[in-house]
Novice: 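Could you have a look at this structure, given as structure tokens, before my questions?
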Amino acid sequence: LRVRVEILGVGTELLLGQIANTNARWMSEELAGVGVDVEHHQVVGDNLDRIVAAMALSASRADVVVVTGGLGPTPDDITRDALASLLDTAMVRDPSIEEFLRHRFVELGRPMPEANLRQADVPIGAHVIMPRLGSAPGLVADAAGARLYLLPGVPAEMREMMTSTVLPELAGRAGARIVSRVLRCAEIGESRVAEILDDLFHASANPSVAYLASDGEVKVRLTAKAATDAEATLLIGPLLEAVRARLGDAVFTTADESLEQVVGRRLEEAGRHIAIAESLTGGGVATRLTRVPGASRYFRGAAVVYSAEAKRDVLGVSQATLDGPGAVSEACAREMAGNVRRLFDADVGLSLTGAAGPDAHAGAPAGTVWIGLDAGDERRARGLRVSGGRERVRRLAGLAALDLVRRHLEGRSLPGSDVHA
Ligand code: ATP
Ligand code: MG
């Protein structure tokens, strides 16, 4: 059963560009995940007539309209008034919401402004979605041939209502069970992924293929619809294998795990311990690794050696290396990796050094990154040239470093160096 959905954002601040419509972005992704078709996005300012007109337009062409924003207590929050107008009914105060609101304020230990009771007003014919977060109740109503969901604008409150109420209802309405598998890849660009999967992307509607690049990673989501979970899973199987085979060594998970989870699991399976020497990333790679519960089973520790002196005095990088090739060099990364492995009595030493920018550092242009890996029997160094700002350089360096460890542990080929010392 095809369900056409339209997303309507309410808020003048969206039109003025003061905030980005991240609600629509998040909802679209989630809606695609449950197998409904988002056909339009609309945005309208805080103006009663225009909100009513926008709702009517959305309802005329979609089966379901998800509206966010304007459900708060302030006078510019008029989305519920617009719904009453569209339904051509009056509003009545809902005593259970009133009690809920009063109770909330008692818990907060503050008097409740009477104006807040506006949030207890419900157009006749609409139903209430009680909030678990925040205080704005959501509303559901059938009007103008469509079902309208009115959700709060605050992203966390909107997400909570989408996840608990809207998405399960719509998945059920689409008459389907939805199963998704997410493959995640590192060290491969989105355009390369698109090129590799192009024919699958176009040929396959069920299961469908979608990809999303974020933070230097590319996620590939395969979604299948079927009458049962088992059938949907069966549908995904061959496509999953095809995608995995094509993307090869770049795929680090087929179960939506983070790279640090995968690296941690691989280290633990191999019974090996890692230690890290970080310059460029200032401890960021250790932070990522220790996000995973149980990291102490394989993570020995990290040394943040930011200055040349710390590299020499704490880690024992030779003065000759610092004076010669310099702190941002293959030689320095190799020494750091070997020395940190010995210092922490670990099996694998990992190191990062580089010039995050905006200026050149230690003779290396901004964006130069060297990563070292020393596992005793296997030693590697990898140079990268990362464009973009300081944070991007640091983030992608961290990702590449963790991926270097992952490839080493899985016995996979390494992406080539793109900087030559
Ligand atoms: P409140 O009770 O806070 O008034 P509300 O339901 O009336 O909530 P708005 O007043 O429209 O919602 O928005 C509240 C806040 O939520 C905004 O200041 C904005 O930061 C955020 N917000 C609203 N709409 C969006 C959107 N489409 N995308 C991202 N953020 C949004
Ligand atoms: Mg508001």
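Counting convention: from 1, in listed order, for ligands and their atoms alike. Note: hydrogens, waters and symmetry copies are ignored here, and every other heavy atom, side chains too, is used. In this text the structure is predicted, and so the values were computed from the model without any measurement.
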Novice: Provide the number and element of each atom of ligand 1 under 4.0 Å from a heavy atom of Pro152.
Specialist: 6 (O)
Novice: Take every heavy atom of Leu14, measure it against each atom of ligand 1, and state whether any distance is under 4.0 Å.
Specialist: yes
Novice: So, is Ala136 polar-close to ligand 1, with some N/O to N/O distance under 3.5 Å?
Specialist: no
Novice: May I ask you to decide whether Glu268 forms a salt bridge with Arg265, counting only side-chain N to carboxylate O separations under 4.0 Å?
Specialist: no
Novice: Is Asp347 salt-bridged to Arg272, going by a charged N under 4.0 Å from an acidic O?
Specialist: no
Novice: Any ion pair linking Glu99 and Arg102 (charged N to carboxylate O, less than 4.0 Å)?
Specialist: no
Novice: Would you say Pro155 touches ligand 1, if touching means a heavy atom closer than 4.0 Å?
Specialist: yes
Novice: Which is it for Thr79 and ligand 1 at heavy atoms under 4.0 Å: side chain, backbone, both or neither?
Specialist: neither
Novice: Is there at least one pair of N or O atoms, one from Gly153 and one from ligand 1, spaced under 3.5 Å apart?
Specialist: yes
Novice: Salt-bridge test for Glu187 and Arg382: reply yes if a basic N is under 4.0 Å from a carboxylate O, no otherwise.
Specialist: yes
Novice: Within the structure, does Asn21 bring an N/O atom to less than 3.5 angstrom of an N/O atom in ligand 1?
Specialist: yes
Novice: Short list, please: which atoms of ligand 1 are under 4.0 Å from a heavy atom of Asp77?
Specialist: 4 (O), 7 (O), 10 (O)
Novice: With a 4.0 Å cut-off on N to O distance, would you call Glu39 and Arg2 a salt bridge?
Specialist: yes
Novice: Between Asp63 and Arg147 (salt bridge meaning N to carboxylate O under 4.0 Å), is one present in this structure?
Specialist: no
Novice: Do the side chain of Glu278 and the main chain of Ala286 share a donor and acceptor less than 3.5 angstrom apart?
Specialist: yes
Novice: Heavy-atom distance to atom 24 (N) of ligand 1: which of Asp76, Ile78, Asn23 wins?
Specialist: Asn23
Novice: Less than 4.0 angstrom from a charged side-chain N to a carboxylate O is my criterion; do Asp403 and Arg406 meet it?
Specialist: yes
Novice: Could you check whether any heavy atom of Glu13 sits closer than 4.0 Å to an atom of ligand 1, since that is the contact criterion I want to use?
Specialist: yes
Novice: Tell me which one of Gly72, Gly11, Gly70 gets a heavy atom nearest to atom 9 (P) of ligand 1.
Specialist: Gly70
Novice: Taking only heavy atoms of Ala20, which atoms of ligand 1 are found under 4.0 Å from at least one of them?
Specialist: 28 (N), 29 (C)
Novice: Which ligand 1 atoms does Thr22 reach within 4.0 Å, using its non-hydrogen atoms?
Specialist: 28 (N), 29 (C)
Novice: Answer yes or no: is there an ion pair linking Arg173 with Glu169, defined by an N-O contact shorter than 4.0 Å?
Specialist: no
